[in-house]
Engineer: 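Sharing a structure here in structure tokens format.
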Number of protein chains: 2
Amino acid sequence: MPRPPSPLLDRPTIARAALAELDARETFTMPGLAKSLGVAVSSLYHHVKGREEVIELVRGSIAESMNSDVDWSGEWRECVAEWVRAYRNAFGAHPALVRVLTRQTVAAPGILASYDNLASALRDAGFVDSDLLHIITVLDTLALGSALDVAAPDDVWSTEGLAADSPLAVAVAAAPRGSERADAAFELGLGLILDGLERRRRPNHEGPSPRAS
Amino acid sequence: MPRPPSPLLDRPTIARAALAELDARETFTMPGLAKSLGVAVSSLYHHVKGREEVIELVRGSIAESMNSDVDWSGEWRECVAEWVRAYRNAFGAHPALVRVLTRQTVAAPGILASYDNLASALRDAGFVDSDLLHIITVLDTLALGSALDVAAPDDVWSTEGLAADSPLAVAVAAAPRGSERADAAFELGLGLILDGLERRRRPNHEGPSPRAS
DNA sequence: ACCTGAACACCGTTCAAGT
DNA sequence: ACCTGAACACCGTTCAAGT
């Protein structure tokens, strides 16, 4: 079936199939992708340059789903918290994707727009320009690290070789398991960071500058 | 050359070669590893069960180098800071390894001992058992996320498509580059988290319990 | 026990050939 | 432009054969 009248493939379709493959099998391959789309492997290369571009496609599609979740009108602390939660949830829902993504540079425009919104909210909150990127990096580290943590096995630390009363074994026994554990740690980290930021904020700042878009 | 009088291979040697390969080429393959050791690929399988076990071997070897760096006698805040820094530096020096490691569970005993020391220091500092694992998870997320950040390209966010006065572009322009940027963000995050922990610590705690080992 | 070479079932990518 | 099948240079793993 060469050159069908209307194309069988397009980039969004490939992105969707790759994400589904990733969710189902923890990884994806070009042959697997082609098979799930009912198409020859070589056909994929008419729409993407290679496997890496497929990954970037998936990153972009996730970004869109996350942008719509954030409401930027409101107190800065709440905006930032919402952004980090949206980020962590969007990627936390696809842990295999996160592991694949950490190998590549951020290029998807949707993601960049999202970071731009965050930078804007922080600036309006009274943080100085020279601190902005460091704050963003810390929040990014938290969100991505926590998204990976969602994917962690139920028992992150194997306490088999430890004495039952060793501090680590006690700590593991006292904490919840699975997603409850990951959620609690994430909220703790987020709270600690936001509290610390609040205390370091330029004190006498009253709100967004008048010419902010 | 079958069955040489003294073995050509052992596990520590394999671990060293794998780390070198990882540092040099961002990834490692079993054929590449065998070649660098001057040995047939199939020989490796007499010492390790497969590629995954090689990775776990490397994790363990890094753990050892990190444990010796921490001095646990001192004020808790300094101990914890030292631990997180040692962690981040040990893995930050081998970014490709970090990306490979996030796919696997923690099993290396050296790493477990290190977490146990951390749990002990936190308990002595007055944190309650039910918070310990969440605190450890937050510190872990910071260290590992920051280690990945060390590996990030010089320009993490491509500002090409953005207006020069967009908040993100301004933030990028105002921040240092490369390892200086990653270091500053790491220290900011660590400071924020430790400050927040200090304020949430059980207030009237005076030091390690007498029967602490 | 420890090394080898050959074999197996995979990968990602390219390319001439079709319409 | 868009799909195909065949080919290429790789992977990780297994296994019978050697000493």
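Just so it is clear: chains get the letters A, B, ... in the order the sequence lines come, proteins before strands, and each one is counted from 1. What you see is a predicted model; the values in this text were computed from it and never measured.
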Engineer: Please enumerate all residues that pass side-chain contact (heavy atoms from CB on, under 4.5 Å) together with B/Asp165, with sequence neighbours excluded.
Structural biologist: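 If we apply the side-chain contact (heavy atoms from CB on, under 4.5 Å) test to B/Asp165, skipping adjacent residues, the hits are B/Ala163.
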
Engineer: Can you give me every donor-acceptor pair (side chain of residues 36-43 of chain B, partner residue at least two apart or in another chain, under 3.5 Å) with its distance?
Structural biologist:
| from | atom 1 | to | atom 2 | distance (Å) |
| --- | --- | --- | --- | --- |
| B/Ser36 | OG | B/Leu33 | O | 3.0 |
| B/Ser43 | OG | B/Ala40 | O | 3.3 |

Engineer: Among residues at least two apart in sequence or on other chains, which ones pass side-chain hydrogen bond (donor to acceptor under 3.5 Å, both in side chains) with A/Glu64?
Structural biologist: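 Not a single residue meets the side-chain hydrogen bond (donor to acceptor under 3.5 Å, both in side chains) criterion with A/Glu64.
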
Engineer: Can you name the residues that form a side-chain hydrogen bond (donor to acceptor under 3.5 Å, both in side chains) with A/Asp23, not counting sequence neighbours?
Structural biologist: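 In terms of side-chain hydrogen bond (donor to acceptor under 3.5 Å, both in side chains), with neighbours along the sequence ignored, A/Asp23 is linked to A/His94.
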
Engineer: For the pair made of NE2 in B/His47 and C1' in C/dT4, what is the distance, rounded to whole Å?
Structural biologist: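 Distance, rounded to whole Å: 13 Å.
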
Engineer: Taking NE2 from A/His46 and P from D/dC2, how many angstroms apart are they, rounded to a whole number?
Structural biologist: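 Distance check: A/His46 NE2 to D/dC2 P gives 9 Å.
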
Engineer: Please report, rounded to the nearest Å, how far the C1' atom of C/dA1 is from the CG atom of B/Asp10.
Structural biologist: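 Going from B/Asp10 (CG) to C/dA1 (C1'), I get 14 Å.
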
Engineer: Only Watson-Crick and G-U wobble pairs, only distances under 3.5 Å, only runs of 3 or more: what stems does that leave for DNA chain C?
Structural biologist: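 Only these stems qualify: C:4-8 with D:12-16, C:12-16 with D:4-8.
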
Engineer: Tell me every residue that passes side-chain contact (heavy atoms from CB on, under 4.5 Å) with A/Ala121, counting only those two or more places apart in sequence or in another chain.
Structural biologist: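 A/Ala121: side-chain contact (heavy atoms from CB on, under 4.5 Å) contacts with A/Trp72.
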
Engineer: Considering only heavy atoms, which members of residues 13-24 of chain A lie under 4.0 Å from some atom of DNA chain C?
Structural biologist: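 Those residues: none at all.
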
Engineer: Quick one: do B/Glu56 and B/Arg59 make a salt bridge, cutoff under 4.0 Å?
Structural biologist: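 Salt bridge: yes.
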
Engineer: Looking only at side-chain atoms of B/Ala40, point me to the closest of C/dC2, D/dC3, C/dT4.
Structural biologist: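 So the nucleotide nearest the side chain must be C/dT4.
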
Engineer: Who pairs with A/Glu75 by salt bridge (charged side-chain N to carboxylate O under 4.0 Å, His left out), at least two apart in sequence or on another chain?
Structural biologist: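 If we apply the salt bridge (charged side-chain N to carboxylate O under 4.0 Å, His left out) test to A/Glu75, skipping adjacent residues, there are no hits.
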
Engineer: Could you list the residues that satisfy side-chain hydrogen bond (donor to acceptor under 3.5 Å, both in side chains) with B/Arg25, not counting sequence neighbours?
Structural biologist: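 side-chain hydrogen bond (donor to acceptor under 3.5 Å, both in side chains) list for B/Arg25, sorted by chain: empty.
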
Engineer: Between P on C/dG5 and CG on B/Leu44, what's the gap in Å once rounded to a whole number?
Structural biologist: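 Going from B/Leu44 (CG) to C/dG5 (P), I get 13 Å.
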
Engineer: B/Arg16: what forms a side-chain hydrogen bond (donor to acceptor under 3.5 Å, both in side chains) with it, not counting sequence neighbours?
Structural biologist: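 B/Arg16 satisfies side-chain hydrogen bond (donor to acceptor under 3.5 Å, both in side chains) with no other residue.
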
Engineer: Run the side-chain donor-acceptor check on residues 135-146 of chain B: report pairs under 3.5 Å with partners two or more places apart or on a different chain.
Structural biologist:
| from | atom 1 | to | atom 2 | distance (Å) |
| --- | --- | --- | --- | --- |
| B/Thr137 | OG1 | A/Arg181 | NH1 | 3.4 |
| B/Thr137 | OG1 | B/Leu133 | O | 2.8 |
| B/Asp140 | OD1 | B/Tyr87 | OH | 2.9 |
| B/Asp140 | OD1 | B/Tyr115 | OH | 2.4 |
| B/Thr141 | OG1 | B/Thr137 | O | 2.9 |
| B/Ser146 | OG | B/Leu142 | O | 2.7 |

Engineer: How would you summarise protein contacts on nucleotides 9-14 of chain D per nucleotide, using B for base, S for sugar-phosphate only and - for none, with heavy-atom distances below 4.0 Å?
Structural biologist: --SSBB

Engineer: Whole-Å distance between C/dC2 P and B/Leu37 CG?
Structural biologist: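 Distance check: B/Leu37 CG to C/dC2 P gives 15 Å.
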
Engineer: For the pair B/Arg200 and A/Asp195, find out whether any cationic side-chain nitrogen is under 4.0 Å from an anionic carboxylate oxygen.
Structural biologist: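 Salt bridge: yes.
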
